[in-house]
Every structure is written in structure tokens, then in C-alpha cells.
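A short write-up of the structure that comes next.
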Amino acid sequence: MKFAPVEEQLLHLKRGTAEIIPEEQLRMKLERSRTTGTPLTVKLGCDPSRPDLHLGHAVVLRKLRQFQDLGHSAVLIVGDFTGMIGDASGRSKMRPALSLEETRRNGQSYFDQASRVLDGERVRMVYNSTWLGQLTFEDVVRLAGRTTVAQLLAREDFSARYRRDEPIGLHEFLYPLAQAQDSVEIRADVELGGTDQKFNLLMGRTQQKSVGQDPQVCMMLPILEGLDGVEKMSKSLDNYVGITEGASEMYGKLLSIPDGLIYRYFELASDADTHHLPELALQCRSNPRDAKHLLAHTIVGMYHGLDAASQARAHFERTVIRKEIPDAIDEFRPQADGPIGLLSLLTQAGLTVSNGAARRLVTQGAVRIDGQRVTDSRLMIDLDQEAPFVVKVGKRKFARIIQ
RNA sequence: GGGCAGGUACCCAAGCGGUCAACGGGGGCAGACUGUAAAUCUGCUGGCUAAGCCUUCGGAGGUUCGAAUCCUUCCCUGCCCA
């Protein structure tokens, strides 16, 4: 195996990272790997309780991909065992514990999605229940003896909850130990994670040292802000772009990010060439609108191909900029004998969640039929006469009503 | 195990026998203006073919003409004591 010069590797690997502990050790590991021709083992733990991946998850997956592209070995650890614990990192609530079976089921789904970012052929995927499930109570006690309550309480997420008189399960304290054991088990050279994982990653070093292994380098990536530009990207906040989402949906969502985030997305979520980043940074400042379109095109291209990205752009221009009706929209055939009320039609077609919601939207002028605004919530529609026609709700919900 | 304080809509949080589908804030949605950006203004934010009706305030019972509000019991959380 031939590796690129260390400095060249570092240029790519350091891109976008928040912190590398210790950076010097990464250089040493890379040098050793190059001279001995041995790839580094790069670990990424994944949380199988949330199998829907978005661009936020992709940040760290992209980093793993960069390691792969430089010839190193990726190990994806599915935390089926740790999933039963539920890590508190970065969240202020206890996470629901899953059954081993549920976490297993999600593991494959996670892998399938992650393969859209990674080189799926060259990933080793392992379940940590394989070894964690073998530990005896004695083993656990021994591991637990290597850390202190004060250290754990120093973590912001624990201390904050403690201050607020919120519950902290004792088992949650075991999470970092379990994750650290994973590093020992696979002899990780590098472990990737979000900045919220710092404590857990460092625990890996501690445990590796205690069994005489060369400790892993901890590489932390920033937490990507969601579409709102403030909160971290997450599905529950509905400020995310899922990596399995359709091209048009992705394109539109990406254009809705605040200007200040454009460069960050280029750096962390796109495959834009590292050497071009300074140039892009300038463009983001001088011409945010075009830069944002370029960003959307780039990212959609990564997941759907460049043709699809161009189509998504055309679709966007047509529906949003020129406010025309999209070429391909879902058709819906209402269930009704005789005339149907507008509200039930909207709800039946899935454009609104309830008749109440439909009423509000109609009253507020958010509903159009064939481009004509409709504000009468009591409108009855005779499908025999009117269908087919196109209804639009809000900015981007369409349906073609047929008979 | 004992004492105390709590559990209200997506989140925070008022309410403490009728005027409560429940104040206020956050978030969200929609409209105007835009570059589906920012800023700003406005409206909405349980369900129902609705001037009315139905289901909500941890669960289950009860008191009452009437309960988110009172009582009993169970579950859950935090604090103090052991």
C-alpha cells in the first residue's frame, strides 16, 4: 500500500476539524503508517437508535471517507450494546433504551445509508455487543474503577442536568466506558466523533493506555447547524436534510439556510475540493445567492449525481422563482360521492394534517387551485365538473386532483 | 424506608371549583416583502362539514349541578434524611 505524503494527508484530514488530540500524534501515526505500509484503523461509532441519517451525521462520515480515500481502514462500530444504554452526550434528556433486537435491526439500515458517503466495499462493520456482551460484572467494576464520579460530573451534559435537578441514570455513567472498550477491542488508531463526544473519545485513550496500547488520536468535528442556522441539525427539530431525500427536496432545503452557513456547509458537508475552499469562502461573502445555489448543486450532486442536481435546480427555478406548477407532482383521487368539501379534500390528499389545519391555511390565503387563491373554507367542489386540477398549499405542497 | 416539592398542549410555563380548548414566552406554520437568506409587519397554532359538538391538563377511581383545579390510590421525577 502506498500512501500520500504526510503533509498532503494532513491537509485533507484537518479540513473542518474542531480539535485533534493530540495533533502531533496524528502526524506520527501517519508517518509510521507510511513507512511500514500499514493503514491506520479509524473508528467511528454509530448510534443505531437513530437510523435516519442527515447531513449532520455525514460530516463525520465524510471525514471517515477521507481517511478511506487516503488508503486507511474504516471501522464502523454499530453500538447495538451501547444503544441499550443511551448516551447523554449533547442531549439534556435520558435517551430511551432500545432492545438489542431493535438496535440490530437498525444497524443494517445505518450501514446502507452510510454507504452513500463511505466506500461501502471497504468498511468493516462490527456490533459492539460482540464483546461488550461478554463482559462480566467483575470486568465492568474494574473498568468503572478507572474513572471517577467527579470526572463524569464535569461533563457539561451531566452537570447541567444535575444542576437542574433532572434525573441521571447510573447506567448512563457506563456509556463512556463501554465506548472506550470498543477502541481497545479494535485497537483504534484514530477515533472520529462530534465535539460533544470529546469525553467519550478521551476515555478511549485512557483505557487503551491502561492495557498497553498506543492510544488513539481523537478527532472531533463540529456539530453542523441545521437549516435554521442555530440549533444543531436534527430530525426532531425538523431542521435537517436527510441523505436519502430526493434531489428537489434537498436542493430546496439547502437554499433555505442562512447566508452565514453557506461556507460551513461547503467545508463540512460537501465534497468540494479542499484546495478550492479559500476561493469558495470569498464567493460566499461576495455573492451569497449564487454561492448557495452552487452549494445546493454540489451536495445534491454528491447524493444523486450531477444530472439530477441540474434537474433539481431547474425544478426550483420553475416552481419557486417563477411560481409555476412542477412538471411531476403526485396525483390524488379523492373518495367521495358527489361534491367534496375543500377542507376534507386537502386533508385526504395529505396536504394538511387535519381539517382544522386546512381551515386555517385556507383562511390565511395559503391555498391555490390552478393558481387561483381560494379563501372560502366552505367551498364545495364537484369533481365531475372541475377535475382534474392542481392544488397548492403553502410554498411547496402540490397535488393534482383527478377523478 | 421517612420528610418535602413536583408531573399542564411540540418545549418552557401560568392556572388552584364554573367566565378553560386552558394566560404568556419559545418554537412552528401561513400571508406581505425577498434571494425558499436576513430584517420587518400580520395572522394562526387539539379534533369535528363547526354560531354547535367531542376529547385533553401523569394513570385509575371518587366528591360535586359542574374538576386542570378538592379527596383516595397507583405510577413517575427531584431535593433533604437514612
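Since the structure is predicted, the reported quantities are computational estimates derived from the model, not experimental observations. The sequence lines fix the lettering, A, B, ..., with proteins before strands; numbering per chain opens at 1.
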With both distances under 3.5 angstrom, what nucleotide forms a Watson-Crick or G-U wobble pair with [N]?
N     : value
B/C10 : B/G26
B/G78 : B/C4
B/C41 : B/G31
B/C70 : B/G62

Separation of the [atom1] atoms in [N] and [M], to the nearest angstrom:
N     : M     : atom1 : value
B/G17 : B/C70 : C1'   : 8 Å
B/C23 : B/A68 : P     : 15 Å
B/C16 : B/A5  : C1'   : 16 Å
B/U42 : B/U49 : P     : 32 Å
B/A37 : B/C54 : C1'   : 43 Å
B/U72 : B/G3  : P     : 14 Å
B/G15 : B/A9  : C1'   : 14 Å
B/A14 : B/C4  : C1'   : 23 Å

Anti versus syn assignment for B/A37, with syn defined as within 90° of 0: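 For B/A37, whose glycosidic angle is more than 90° from 0, the conformation is anti.
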Interatomic distance where [atom1] belongs to [X] and [atom2] belongs to [N] [whole Å]:
X        : N     : atom1 : atom2 : value
A/Leu255 : B/G35 : CG    : C1'   : 8 Å
A/Asp259 : B/G35 : CG    : C1'   : 8 Å
A/Leu295 : B/U36 : CG    : P     : 15 Å
A/Ile381 : B/U49 : CD1   : C1'   : 13 Å
A/Asp290 : B/G35 : CG    : P     : 12 Å
A/Phe316 : B/A37 : CZ    : C1'   : 10 Å
A/Asp228 : B/G26 : CG    : C1'   : 13 Å
A/Glu317 : B/U34 : CD    : C1'   : 17 Å

Could you check which of [options] has an atom nearest any side-chain atom of [X]?
X        : options             : result
A/Arg360 : B/A38, B/U36, B/C44 : B/C44
A/Ser256 : B/C29, B/G35, B/U36 : B/U36
A/Pro258 : B/G35, B/U36, B/A37 : B/A37
A/Asn355 : B/G35, B/C48, B/A30 : B/C48
A/Arg289 : B/G35, B/U49, B/G31 : B/G35
A/Pro167 : B/G78, B/G35, B/G31 : B/G78

[X] near the nucleic acid: base, sugar-phosphate alone, or nothing, with a heavy-atom cut-off under 4.0 Å?
X        : answer
A/Leu343 : nothing
A/Lys292 : base
A/Arg359 : base
A/Leu261 : nothing
A/Gly365 : sugar-phosphate
A/Ile262 : nothing

Side-chain N or O of A/Arg373 closer than 4.0 Å to phosphate OP1/OP2 of B/A32: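 So the side chain of A/Arg373 is within the cut-off, an N or O lying under 4.0 Å from OP1 or OP2 of B/A32.
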Distance test, side-chain N/O of A/Ser354 to OP1/OP2 of B/G47, below 4.0 Å: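 Looking at the OP1 and OP2 atoms of B/G47, one of them is under 4.0 Å from a side-chain N or O of A/Ser354.
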Option from A/Glu191, A/Gln216, A/Gln25 for which side chain to side chain donor-acceptor pair (under 3.5 Å) with A/Arg205 holds: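 Only match with A/Arg205 under side chain to side chain donor-acceptor pair (under 3.5 Å): A/Gln25.
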Is it true that the side chains of [X] and [Y] contain a donor and an acceptor less than 3.5 Å apart?
X        : Y        : answer
A/Tyr251 : A/His297 : no
A/His12  : A/Glu8   : yes
A/Thr347 : A/Thr352 : yes

Donor-acceptor pair (no angle test) under 3.5 Å: A/Asp238 side chain, B/G28 base: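 Result: no qualifying N/O pair found.
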Polar side-chain contact A/Gln364-B/G43 base: donor and acceptor under 3.5 Å: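 For A/Gln364, whose side chain was compared with the base of B/G43, there is a donor-acceptor pair (under 3.5 Å).
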A/Ser73 backbone acceptor or donor facing A/Arg124 side chain under 3.5 Å: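 No; zero donor-acceptor contacts below 3.5 Å.
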Side chains of A/Phe81 and A/Thr130 in contact at under 4.5 Å (non-hydrogen atoms):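 Result no, sub-4.5 Å side-chain heavy-atom pair not found.
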5'-most by nearest nucleotide on RNA chain B - A/Arg378 or A/Tyr251: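 Nearer the 5' end of the strand: A/Tyr251.
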A/Met380 vs A/Val367, nearer the 5' end of RNA chain B by closest nucleotide: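 Nearest nucleotide further toward 5': that of A/Val367.
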Heavy-atom neighbours of A/Asp139 CG exceed 12 at 6.0 Å: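 Count over threshold, so yes.
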NZ/NE/NH1/NH2 to OD/OE distance under 4.0 Å, A/Arg400 and A/Asp330: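 Salt bridge absent between A/Arg400 and A/Asp330.
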